[in-house]
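Order of the sequence lines sets the chain letters (A, B, ...), proteins ahead of strands, with each chain counted from 1. Below, all heavy atoms of this structure are taken into account, side chains as well, without hydrogens, waters or symmetry copies.
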2 protein chains.
Amino acid sequence: MWRKVALERLRKAGYKITPQRLKLLDVLERIGRSHPSLREVHEAVKEEFPTISFSTLYSNVMVLRDLGLVELLHLGSETRVEVNVSPHVNVISGRRVRDLDDPELVREIERKVGGRVRFVNVVLEDEV
Amino acid sequence: MWRKVALERLRKAGYKITPQRLKLLDVLERIGRSHPSLREVHEAVKEEFPTISFSTLYSNVMVLRDLGLVELLHLGSETRVEVNVSPHVNVISGRRVRDLDDPELVREIERKVGGRVRFVNVVLEDEV
DNA sequence: GAGTAATTAGTAATAATTTCTAATTAGAAA
DNA sequence: TTTCTAATTAGAAATTATTACTAATTACTC
Ligand SMILES: [Mn+2]
Ligand SMILES: [Mn+2]
Ligand SMILES: [Zn+2]
Ligand SMILES: [Zn+2]
């Protein structure tokens, strides 16, 4: 679903559909929900398209961001790709990030903080 | 208050009380609540202690972190210092971060995500 | 006051991001 | 189908922030 929307939006915006871009969409459709780092995305794309450079991957992720198809999160020392662009809760424990889609919670937080929420990043204590 | 606790804990842990460390405590007592970046902390300390190196500042912030006196947040491309180490909500709009101390909200989130919360970083949409 | 381990500050190394550009190519036009 | 060209790619360089290293200095113990 995400991939289909992304492809359509790329076309509509006049971007060329290159093999590199198609693989990137495949990979994000598959592993995007894990909030992968840019380097993890690159590794995953390389498995199916071994010659793609980080440079190309990077610039294409920026294109997706400009089109509103992904957001970028900074976590630890790395940039993570967020494919779930609707306001939601990211539950972060160590390097793991999982989505909690809870519109009611988001609405309550918006009420309390007085602003439109983009993301709520809940950082958990490291497990003992 | 924070400064006093910090000084005491440094002493108890056997760290030497250097002028550089004292100025860092002063500065964090004063501007810590604004979640300053490491470079902002360095700039602020330099105003009162112009010869302090970033290196020294950095290593002293790491000492404070090891003692549980500060936490570090990654925001955009910079590392921010958090002096409020109790679980709370950081309301982030652009480069601004303000604290929302709302134990009830934190407890509700803990219940929903099933884990001990360290921080809740609420990222707001950029103002129009 | 002397001795010493911790600390400082300057520099180097690392790591991730971002920029740049010559060669290639997707897709429109002929 | 072939030609044309602006967009794209890939490699390398530049930038930026962090982290590591080390010789000289210093806070504290005795
Ligand atoms: Mn870090
Ligand atoms: Mn960034
Ligand atoms: Zn998410
Ligand atoms: Zn805070």
Requested in this report: Please tell me if the side chains of B:Ser59 and B:Met62 come closer than 4.5 Å, counting only heavy atoms from C-beta onward.
Outcome: no
Report task. Under 4.5 Å between side-chain heavy atoms, chaining through other members, with only Ile, Leu, Val, Met, Phe, Trp and Tyr counted: pull out the rest of the cluster around A:Val122, sorted by chain and number. Result -> A:Val89, A:Val91, A:Leu100, A:Leu105, A:Val106, A:Ile109, A:Val113, A:Val117, A:Val120, A:Leu124, B:Val89, B:Val91, B:Leu100, B:Leu105, B:Val106, B:Ile109, B:Val113, B:Val117, B:Val120, B:Val122, B:Leu124
Query raised in the report: Who passes salt bridge (charged side-chain N to carboxylate O under 4.0 Å, His left out) against A:Glu29, sequence neighbours left out?
Result: none
Query - Between C1' of D:dA17 and NE2 of B:His42, the distance in whole Å - result: 14 Å
I'd like a table of donor-acceptor pairs (distance under 3.5 Å, sequence neighbours excluded) in which one partner is a side-chain atom from residues 15-22 of chain A, with atom names and distances.
| from | atom 1 | to | atom 2 | distance (Å) |
| --- | --- | --- | --- | --- |
| A:Thr18 | OG1 | A:Arg21 | N | 3.1 |
| A:Arg21 | NE | A:Asn60 | OD1 | 2.7 |
| A:Arg21 | NH1 | A:Lys16 | O | 2.9 |
| A:Arg21 | NH2 | A:Asn60 | OD1 | 3.1 |

Report task. Report, as yes or no, whether the 6.0 Å neighbourhood of atom CZ on A:Arg33 holds more than 12 heavy atoms from other residues, nucleotides or ligands. Result -> no
Report summary line: Those residues at least two apart in sequence (or on a different chain) that pass salt bridge (charged side-chain N to carboxylate O under 4.0 Å, His left out) with A:Glu71 are A:Arg118
Report summary line: When rounded to the nearest 0.5 Å, the distance separating CD of B:Glu125 from OG of B:Ser93 is 11.5 Å
Considering only nitrogen or oxygen atoms on both sides, find all protein atoms under 3.5 Å from nucleotides 28-30 of chain C and state each distance.
none

Query - B:Ser55 and B:Leu57, any side-chain heavy atoms less than 4.5 Å apart - result: no
Report task. List the protein contact pattern of nucleotides 7-21 of chain C with one symbol per nucleotide (5' to 3'): B for base contact, S for sugar-phosphate-only contact, - for none; contact means a heavy-atom distance under 4.0 Å. Result -> SSBB-----SBBBB-
Report summary line: Any strand, both distances under 3.5 Å, Watson-Crick or G-U wobble: D:dT19 pairs with C:dA12
